Amino acid sequence: MKDEILKIIKESVDSLALPGSPMGNETEFEVSVPKKKEFGDFSTNAALVIGSMKGKNPREVAQEIVEAIEQRQHGFIERLDIAGPGFINFFVNETLFESQLREILRLGEKYGASREGSGQRVIVEFVSANPTGYLHFGHARNAVVGDSVCRMLSFCGYEVIREFYINDAGRQMDMLGESVYSALARSCGLARELPEDGYHGEYISELAGEIKKSEECPQVPGDESEAIEFCREFAYSRLLEEIKTDLLDLRVNFDNWYSERIEIHGRGSEERKLDKTLAKLEDLGTVERKEQALWFKASLYGDGKDWVIIKKDGAPTYFLSDIAYHMDKYSRGFSKLINVWGADHHSHVLRLKSSMKALGLDESSLHVLLIQFVRLVREGVEVPMSKRTGDFVTLREVLREVGCDATRFFLLMRSSDSHLDFDLSLAKKESSENPVYYVQYANARISSLMRNSEEAGISASEEHLNLLSNDEERNIMKILLRFPEVVRSAAESLSPHKVVYYLQELAAEFHFYYNKTRILDSENTDMASARLCLARYVQVVIENGLGLLGINAPRSM
RNA sequence: GUCCCCGUAGCUCAGUUGGAUAGAGCGCAGGAUUCCUAAUCCUGAGGCCGCAGGUUCGAAUCCUGCCGGGGACGCCA
């Protein structure tokens, strides 16, 4: 919609052939939808931009542009105003709206989609929680934001691969094995302390209990290292399943479960990726031996400091695996790499990018979306995320308490780089205070209208759209037609919250309209069919928008 | 000390690739239903956009400094 206006302005500006330098690139001026009605349906700052470029009075430039546009006689432009310092305001008539509105039903669930990313493959890595425990609520924001970003990117035409990187190779896995083993040993009557950095949630002893009951339970006492390995593998596979279950309950899917152990450390027929990466870094002269360890010289590539990749005991660090992993991502041919990370990993961004740069890869195609922390609140009081027992508030508990829709909505409603207060008592409330229902209710009301319309013998029709001319109807149309652009902007900036805000605005406008205007007016069936059609448009957009957020759009509430 | 995020209404936050008179929800005070779902709607009060400079036609938005809150700075992952 805006694009149409932008095209018109460009044509006219070009036709003016203003003296001096040729017009620069196209992004220099913009078309916006003004907040105030007096400023028209669309507005452009073109004259201001050009004026300051050419050193001319913006209002005079505006006048020239307006004349050029008027000469071309676009049917749908009713009036052009020059306002303030030189804004050009467009007032358009219904014909433009109507033709655009028809696209909504024509495209249906595709309305708002684009081909922006067509031909581009993008990998989104998110959650990637260690399989050493249940997902806690802190992981939920990452999961939901990552998932919604994927949905938006797919909608914009990208081919999206969703990947979970399983950190199943490192010391924390051994620690898991030892923790479970120590619980098992204790339950078998051995005096055995939990290892110092061990995991001590309740689930550890539950796992040990399961092992004890199982037929394959190792002999205790017996070969300890064998038993520990058994415990580790048992716990790992069980916990990974639990993680998958919880994510599915949150409506989060993955295409790839990428095992660090197999893919990075694994010895297939080829050379290990880890060794290959190390060799490459060495060949490039980007490492140095210092204090008996091997360091990657990140400071040469934009980071503030160097980082160890091989510890003095000879073991690789997590960072080296990470370099290998990302090198692998690049080699799989993605044009864009998106990582969704917790804000506590921010220092890893520069070091990872510096390593990609050192390897000659284009680090600008790697985007890291940092997610700030969530604070759980109940009745205005903070709920500690970790309990005395060493357990965390799990995702599962919260899902059980407030349900998936509310959980997702609340986690998506704020910008990712803002700290988030998750109000459990509010999210649980089935009342008007809860914003989740606000949007869903608009949709349910429309469904109800549709049901009632059949009895009243009215059906939605685009035939009489021209009858819709009051302020509320026009406002709704304008909001509806903004949807594709909102999606594009939200996808581009990886910001699902923009869709949340948009839907709240649309729902508000619809509720207002609904209260003020009788839609199923049996006295005037032409009008009723047009209004019903408008309601149907709203429904399509709400359903599509909620779909991008992974939230259901119930037909009745 | 270095780096990242944040600071906007009583509370929680949008708005930040510079645009016109800064918005929403909650809370607070009032009000609306003989009729399509009141999980709704309307009205009102409520603001040195943390502070101070700078950049320009124009700054909540960009730059610098300072203050305040959170986080990261391990041969852990």
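In what follows, chains carry the letters A, B, and so on, assigned in the order in which the sequence lines appear, proteins first and then strands, with residues in each chain numbered from 1. What you see is a predicted model; the values in this text were computed from it and never measured.
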message: In whole Å, measure the gap between the P atoms of B/C28 and B/A20 for me.
response: 33 Å

- request: Give the nucleotide from the list B/A20, B/G71, B/C41 with an atom nearest to the side chain of A/Asp344.
  value: B/G71

- prompt: To the side chain of A/Asn45, which of B/C36, B/G15, B/G19 is closest?
  reply: B/G19

- line: Between A/Trp295 and A/Phe512, the residue closer to the 5' end of RNA chain B by nearest nucleotide is A/Phe512

field: Interatomic distance, A/Gln172 CD vs B/A77 C1' [rounded to whole Å]
entry: 5 Å

Short N/O separations, protein against nucleotides 55-58 of chain B, under 3.5 angstrom:
none

Distance test, side-chain N/O of A/Arg171 to OP1/OP2 of B/C75, below 4.0 Å: no

- prompt: Which of these nucleotides, B/G15, B/A20, B/C36, is closest to any side-chain atom of A/Arg518?
  reply: B/C36

- request: For this output row, return yes or no: ring centroids of A/Tyr134 and A/Phe392 closer than 6.0 angstrom.
  value: no

- line: Atom NE2 of A/His346 and atom P of B/A77 are separated, to the nearest Å, by 19 Å

- prompt: Expressed in whole Å, how much space separates the P atoms belonging to B/C67 and B/A52?
  reply: 15 Å

query: Has A/Lys290 got more than 12 heavy atoms of other residues, nucleotides or ligands less than 6.0 Å from its NZ?
result: yes

- prompt: Stacking check: are the rings of A/Phe87 and B/G19 less than 5.5 Å apart at their centres and under 30 degrees in tilt?
  reply: no

field: Residues A/Arg474 and A/Asp41 bridged, charged N to O under 4.0 Å
entry: yes

field: Nucleotide nearest A/His511 (side chain, heavy atoms from C-beta), chosen from B/C13, B/C75, B/C41
entry: B/C41

- prompt: Between B/C76 and A/Lys311, is there an OP1 or OP2 to side-chain N/O distance shorter than 4.0 Å?
  reply: yes

query: Can you tell me how far P of B/C13 sits from CZ of A/Phe410, to the nearest Å?
result: 12 Å

query: Is there any salt bridge (Lys or Arg N to Asp or Glu O under 4.0 Å) pair reaching into residues 489-502 of chain A, and which pairs are they, with sequence neighbours excluded?
result: none

Under 3.5 Å donor-acceptor pairs involving side-chain atoms of residues 344-351 of chain A, not counting sequence neighbours:
none

statement: Interatomic distance, CD1@A/Ile9 vs CD1@A/Ile88, rounded to 0.5 Å, equals 6.5 Å

task: Considering just the side-chain nitrogens and oxygens of A/Tyr438, establish if one lies under 4.0 Å of OP1 or OP2 belonging to B/C41.
output: yes

query: Below 4.0 angstrom from OP1 or OP2 of B/A77, is there any side-chain N or O of A/Ser321?
result: no

task: For B/G69 versus B/A32, give the span between their C1' atoms, rounded off to a whole number of Å.
output: 43 Å

- line: If pairing means Watson-Crick or G-U wobble with both distances under 3.5 Å, then the partner of B/A38 is none

Salt-bridge present (A/Glu163, A/Lys329; N to O < 4.0 Å): no

- request: Can you tell me, in whole Å, how much space there is between the C1' of B/C48 and that of B/A60?
  value: 13 Å

field: Whole-angstrom distance between B/G25 and B/U61, as gauged at atom P
entry: 25 Å

Residue A/Ser415, side-chain heavy atoms: nucleotide from B/A77, B/A14, B/G15 that is nearest: B/A14

- request: Hey, could you give me the CG/CG distance between A/Asp197 and A/Asp174, rounded to the nearest 0.5 Å?
  value: 12.5 Å

field: G-U wobble or Watson-Crick pairing nucleotide for B/C51 (cut-off 3.5 Å, both distances)
entry: B/G65

task: Determine the interatomic distance between C1' on B/U8 and the same-named atom on B/G47; round to the nearest Å.
output: 8 Å

- prompt: Mind checking the P distance from B/U64 to B/U2? Whole angstroms is fine.
  reply: 14 Å

query: What is the distance, rounded to the nearest whole Å, between atom CG of A/Leu506 and atom P of B/C41?
result: 13 Å

- request: Whole angstrom is fine here: how far is it from CD in A/Glu472 over to P in B/C36?
  value: 19 Å

query: Roughly how many Å is it from CG in A/Asn515 to P in B/A39, rounded to a whole number?
result: 11 Å

query: Above 12 or not: heavy atoms from other molecules or residues under 6.0 Å from CD of A/Glu382?
result: yes

task: Just name whichever nucleotide pairs with B/C73, Watson-Crick or G-U, keeping both distances under 3.5 Å, else none.
output: B/G1

- prompt: Which residue lies toward the 5' end of RNA chain B, A/Leu370 or A/Pro316, if each is placed at its nearest nucleotide?
  reply: A/Leu370

query: If only side-chain N and O atoms of A/His345 are considered, is one of them under 4.0 Å from the OP1 or OP2 phosphate oxygen of B/C4?
result: no

statement: Taken to the nearest whole Å, CD/A/Glu505 to C1'/B/A24 is 10 Å

query: What is the distance, rounded to the nearest whole Å, between atom CZ of A/Arg445 and atom C1' of B/C41?
result: 8 Å

field: Non-hydrogen atoms of A/Glu30 and A/Asn45 that approach each other most closely
entry: N-OD1, 2.9 Å

- request: With P as the reference atom in both, quote the distance from B/C51 to B/C11 in angstrom, rounded to an integer.
  value: 15 Å

task: Please determine, for B/G19, whether a Watson-Crick or G-U wobble partner exists with both distances under 3.5 Å, and give it or none.
output: B/C57

- prompt: With both distances under 3.5 angstrom, what nucleotide forms a Watson-Crick or G-U wobble pair with B/C26?
  reply: B/G10

